[in-house]
Structure formats: C-alpha cells, structure tokens
Amino acid sequence: MKLSVKPFDLKLTTPFRISRHVQYTAANVLAQLTYEGVTGLGEAAPSEHYGEYRETVLATLKLLENELGDDPFALDAIFNRVNHVIRLNPSAKAALDMALYDLVGKLLNVPVYKLLGLNAAQTPLTSFTIGIDTPENMARKALAARDYPILKIKVGTPNDRANLKAIRAISNAVIRVDANTAWSPKEAVRAINELAEFDLEFVEQPVAPHDLAGLKYVREHVPLPIITDESSITVEDIPRVAECTDGINIKLMKCGGLYHALKMIHVARAHNLKIMIGCMIESSLAITAAAHLTPLIDYADLDGHLLVDDDPYTGVTVEQGKLILPEGPGLGVRERAAGM
Ligand code: MG
C-alpha cells in the first residue's frame with residue numbers, strides 16, 4: 001500500500017467561538033492510500049487541545065507509512081502495529097483508519113455502513129452548532145439554521161442566559177448546550193439550573209476533563225442529562241466516566257478512527273450510556289466517515305462541513321437534520337465539482 005498526504009485548509013463561514021478559544025480556519029490533512037490501483041481517502045483535523053498540529057500529523061503519517069504492510073483487509077493487525085509504534089496522535093491515526101475503510105469498501109464494492117452490517121435508514125438527526133457570539137447574532141444564526149430541528153448552542157460565558165433567551169424567542173428547535181469545560185462544579189450546578197428553563201435536551205461537558213468527582217456532583221444536582229466529550233476520549237476512559245455521566249460524545253479525531261469508535265460504542269452500551277458522535281471542523285470526507293457509524297448511536301453532531309465555505313468533498317447530506325448516507329462504495333465521498 002502506498003500512502004500520500006496533502007495539507008488542505010478549510011475556511012469557516014464565521015469565526016467559531018467556544019468557551020476556551022476561537023477558530024477561523026482548520027488546518028487539515030488529506031491521506032490517500034493506494035492499493036492495486038484503488039485509492040482510499042482519509043482526513044485528519046488535528047486539535048491543539050489534544051496535542052496535535054498539522055505538522056505532527058504529517059510527521060506521524062510519514063512514520064506510520066512503513067507499518068501498513070500489503071493487506072488492507074488486515075485492519076486489526078495494522079491498527080495494533082500503528083498503536084505499538086506511536087501513542088496518541090489520534091487524528092493522524094483517524095486519517096489512516098478512514099482511508100483503510102474507504103479502500104476496503106471500494107475493493108469489495110460496498111458502502112462502509114454495509115460492511116459494518118448497519119441500516120442506513122437508522123441514522124439519527126444531526127444538530128447544527130452555534131458558536132458563542134452576541135445574543136443578536138446567535139439568534140440570527142439560529143434563524144438561518146431553521147431547517148435543522150436540533151441546535152447545539154455553545155455556552156460557558158456570563159451571557160449564556162441572554163444568548164439562550166434570544167435564541168428561544170425565535171426558535172422551537174430541540175436545544176442542547178455545550179460548555180466545553182468552562183465551569184467549576186458549583187458554577188455548573190448554578191448555571192445549568194438557571195438555563196434549564198429554556199427547555200434543554202442535555203448539557204455537554206460542564207467541567208474540567210479530569211474532574212470526575214465534580215462531574216458526578218453536577219449530575220446529581222441538575223435536572224438535565226450530562227454528556228461528556230473532553231472527559232471521554234478513548235475506550236479506556238469509558239469505565240472511569242460511566243458513573244458520572246449519562247452519555248459520551250465520540251469523535252474520530254479523538255479516538256483514532258472508525259475502528260476505535262466502534263469499540264467505544266460497544267463498551268459504552270455495556271455501561272448503559274447514551275452515545276453521541278461529534279466532530280471537529282472537518283470536510284465532508286471525515287464527516288461522512290463518522291456518519292457511517294450513526295445507525296448505532298443516539299445523538300449526532302456532524303455539522304463541521306456545514307460551517308465552512310470551501311468543503312472540497314461531497315458525501316453525507318443533511319435533509320431537515322436527517323443524515324443521508326451516500327450509496328457509493330467505501331465512504332461514498334467524491335471531490336466536489338466546481339461551482340457546487
Ligand atoms: Mg463538545
């Protein structure tokens with residue numbers, strides 16, 4: 001198998017602000033894996049928060065090129081070798097993982113969801129995310145997103161109440177909120193009890209990633225379900241967080257791809273947890289890869305490609321929030337035709 005990599009940028013339609021930072025572009029990496037004239041595609045969307053940059057992704061993929069072997073069907077052996085050679089670097093591993101699943105699906109002429117035995121009709125609705133802004137701008141963005149039945153609103157600022165009030169004034173959508181670790185446990189309890197009047201579905205990651213006692217305290221003192229994101233990165237985290245949360249948010253860029261995400265899904269179910277699949281700022285390539293797993297899960301937040309101006313690919317589409325998987329073999333992702 002031959003691996004080639006290429007950096008590409010995605011430009012956000014508007015700056016994307018969460019409680020801890022603001023993002024204008026995504027510095028992503030395309031991985032192309034070729035075997036017997038067939039090419040599988042994968043994407044890395046590195047996140048500084050998880051210790052990755054474009055440069056570390058490029059260096060990691062260069063290193064892993066020698067571990068691929070010559071059998072793309074030997075996924076288990078390949079991922080074992082990869083994890084033996086290099087720890088962490090999950091988005092680089094995710095790019096490789098996606099390219100392998102795409103390649104295997106194309107070689108067998110089946111879509112990835114079929115390869116996994118899943119029913120494409122069972123995809124959930126995805127939320128559309130609104131980053132932190134003024135109440136007026138957040139309400140304007142919520143109005144522009146009126147085709148999406150579920151909104152995910154970023155919180156963790158002193159203006160959360162005003163922001164949600166402005167959005168609720170113009171929207172009947174299901175609303176979930178994400179604090180991205182902004183609060184102390186006591187602040188979280190106060191904030192969530194205050195925000196609950198806006199009829200929220202759940203709260204994502206109220207407190208710091210490793211404060212599991214704090215998380216448990218919050219869960220016991222608020223009327224809404226809690227979903228962890230920054231606290232649940234890999235499969236090993238799940239038994240630790242299981243007593244402190246109602247569910248977990250899995251992202252390919254945190255756990256290392258579909259292979260590891262599948263393990264997380266099964267372990268989470270064994271702990272009676274709800275499961276969400278989320279994303280970073282990604283093109284339709286990585287978003288579609290994640291979407292292939294969604295018949296297995298409860299909540300989707302796969303909108304990274306909807307937040308950028310220059311998505312180079314087409315794949316999964318969204319109709320009234322419903323994720324529609326492409327029918328092509330592998331991931332079913334294509335390069336976007338000019339002008340589309
Ligand atoms: Mg989150």
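Each ligand, and each atom within it, is numbered from 1 in the order the structure gives.
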Nearest N/O/S atom of D178 with respect to the Mg ion (ligand 1), by atom name, please.
OD2

Using a cut-off of 6.0 Å, state whether more than 12 heavy atoms not belonging to R54 lie near its atom CZ.
yes

In E204, which N, O or S atom comes closest to the Mg ion (ligand 1)?
OE2

Atom of D229 nearest the Mg ion (ligand 1) (restricted to N/O/S, atom name only):
OD2

Verify whether the ring centers belonging to Y299 and F202 lie closer than 6.0 Å.
yes

What I want to check is whether the side chains of S284 and D311 have a donor and an acceptor closer together than 3.5 Å.
yes

Do the ring planes of F8 and Y313 sit parallel (below 30°), tilted (30 to 60°) or perpendicular (above 60°)?
perpendicular

